Amino acid sequence: MQLPSLQIGKKRAKTCIIQGGMSICIALAPLAAAVAREGGVGTIGGMGINPDDLRTHIRTARQLGTGIMGVNLMYVGALFDQLLEVCIEEGPDYVAIGAGFARGPFARLQEHHIPAFAIISSPKAARIASRTPGISGVVIESGEAGGHLGPKDPHVSTWELFPEVYGELRECGFEGPAIAAGGIIDADDVRRALAMGADGVQLGTRFAMSVESSASWAMKEAWLRATGSQVEWWSPTGYASRAIVPHTDERLPRLDGVNLRCRNCLKVCSHRDDPSRSHCIRQALINSQQGSVGDGLVFSGARVGDIKDILPVREIFQQLTC
Ligand SMILES: Cc1cc2nc3c(=O)[nH]c(=O)nc-3n(C[C@H](O)[C@H](O)[C@H](O)COP(=O)(O)O)c2cc1C
């Protein structure tokens, strides 16, 4: 199947497939560059790495390959402003901003001619995005997505949410690309999303389960073992997210644990502010990424149980475009 191309600012990706940003060192330069080499849009997850490391990953991704490569930032991250400045200095092909919203960062990226995408999950957010200067594209992310969730109803599927939010965007006169995200894992899903009007698709879990993703093998095995019913939405920080169970309070690293201290990774964190429930989501995600899945948290999309293999990015593209 010949997929449409995707315009990102002045550049055009051969294929309208975006690899979603996945933070805490899952989507780094190797994955972003591999996706860009296949003609898709690669994205470095900017949360959970420090500004110098982000700069290094942007430069390394460029050295590893040609194609379109960007950065995903989470507005709720305490280092957001510093990471945004790195993006402005390094000029990635685009920056996607999710988990919170403010107009300022989009204006700043526009001043520096860096295309910016907003990640949204409601008709209200569509209205705001369409009025915000500097937003050149929108990712509409449903409750099936992995990681932090935007929709009020964490069970809402892409097929339910996308048409509603997309309709609002176009009614408000937004003409930029609208990308569908959440629960898209194969060529049939891609076709279905395009048939609904999407200009492209964003996939997270499918690319996390690739050879090139920087997750530990133990984390990749956890995804392979998981069934759909084991993937639940949960809120360890006050922000709803989707992860594989078990994620009981007892198992996550606690801020009062040995050698653990709060690094204030989020602007607001309900568990930091409540000492009786002081879990550290950052450490839990790092543990899984580094292989200690039993002491960690494994973010995952709702369709993980339908993905049966860890594949090189090239083969994932072959499957998505067949
Ligand atoms: C392990 C993991 C980490 C993620 N981290 C982020 C992140 O840092 N920022 C973000 O905007 N989205 C994040 N996401 C969401 C993805 O970018 C993507 O939009 C979503 O996973 C799409 O749904 P899918 O996993 O069903 O394909 C993450 C998803 C996963 C699975």
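Nothing here was measured: the structure is a model prediction, and the numbers come from that model. When a ligand or atom number is given, it counts from 1 through the structure's own listing order.
- Checking only distances, Ser300 never comes within under 3.5 Å of ligand 1, N or O to N or O.
- Scanning all protein heavy atoms for the shortest distance to atom 9 (N) of ligand 1 gives Asn72 OD1, 2.9 Å.
- Residues Ile26 and Gln289 form a side-chain contact, since some pair of their non-hydrogen atoms from C-beta on lies under 4.5 Å apart.
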Let me have the donor-acceptor pairs involving side chains of residues 261-269, under 3.5 Å, with sequence neighbours excluded, atom names and distances please.
unit_1, atom_1, unit_2, atom_2, d
Asn264, OD1, Arg272, NH1, 3.1
Lys267, NZ, Tyr75, O, 2.3

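- Nearest non-hydrogen protein atom to atom 19 (O) of ligand 1 is Glu141 OE2, 2.5 Å.
- Annotation: Phe101 is in aromatic contact with Phe106 [ring centroid separation under 6.0 Å].
- Counting the atoms of ligand 1 from 1 in the order shown, those under 4.0 Å from a heavy atom of Met74 are 7 (C), 8 (O), 9 (N).
- Residue Met47 places every heavy atom at 4.0 Å or more from ligand 1.
- Distances from atom 29 (C) of ligand 1 to the heavy atoms of Gly45, Gly77, Ala180, Gly146 put Gly146 nearest.
- No side-chain N or O of Gln63 forms a donor-acceptor pair with one of Thr60 less than 3.5 Å apart.
- Using a cut-off of 4.0 Å between Lys/Arg side-chain N and Asp/Glu carboxylate O, Asp186 and Arg206 are scored as not salt-bridged.
- Of all atoms in ligand 1, listed by their number and element, those nearer than 4.0 Å to a heavy atom of Gly20 are 17 (O).
- Ionic pairing of Glu90 and Arg59 is present here: one or more N-O contacts between side-chain nitrogen and carboxylate oxygen are shorter than 4.0 angstrom.
- Counting protein heavy atoms only, atom 2 (C) of ligand 1 is closest to Met22 CG, 3.7 Å.
- Contacts with ligand 1 closer than 4.0 Å are made by no heavy atom of Arg206, backbone or side chain.
- By the 4.0 Å N-to-carboxylate-O rule, Asp188 lies close enough to Arg191 to be salt-bridged with it.
- Scanning the protein for heavy atoms near atom 8 (O) of ligand 1, the closest one is Ser23 OG, 2.6 Å.
- Note: an N/O pair closer than 3.5 Å links Gln202 and ligand 1 by distance alone.
- Residues Val71 and Leu73 form a side-chain contact, since some pair of their non-hydrogen atoms from C-beta on lies under 4.5 Å apart.
- Of all protein heavy atoms, the one closest to atom 27 (O) of ligand 1 is Gly204 N, 2.8 Å.
- Residue Leu203 approaches ligand 1 through these ligand atoms, each under 4.0 Å from one of its heavy atoms: 27 (O).
- Heavy-atom separations between Ala208 and ligand 1 are all 4.0 Å or longer.
- At under 3.5 Å, a nitrogen or oxygen of Gly183, whether backbone or side chain, sits near a nitrogen or oxygen of ligand 1.
- Nearest to atom 16 (C) of ligand 1 by heavy-atom distance, out of Ala145, Gly147, Gly21, is Gly21.
- Using a 4.5 Å heavy-atom threshold, the side chains of Arg127 and Arg131 count as touching.
- Put simply, the side chain of Arg254 does not reach to within 4.5 Å of the side chain of Gln283, judged on heavy atoms.
- Counting heavy atoms under 4.0 Å from ligand 1, residue Ile119 touches it through the side chain alone.
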Under the side-chain contact (heavy atoms from CB on, under 4.5 Å) rule, what do Val41 and Ile8 come out as? Steps first, then yes or no, please. CA-CA 9 Å; Val41 178; Ile8 306 248; 4.1 Å; yes
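- Less than 4.0 angstrom separates some heavy atom of Thr205 from each of these atoms of ligand 1: 24 (P), 25 (O), 27 (O), 31 (C).
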Let me see the working for Tyr94 and Thr43 under side-chain hydrogen bond (donor to acceptor under 3.5 Å, both in side chains), right down to the final yes or no. CA-CA 9 Å; Tyr94 87 113; Thr43 313; 2.7 Å; yes
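- When each atom of ligand 1 is checked for a heavy atom of Glu144 under 4.0 Å away, the hits are 26 (O).
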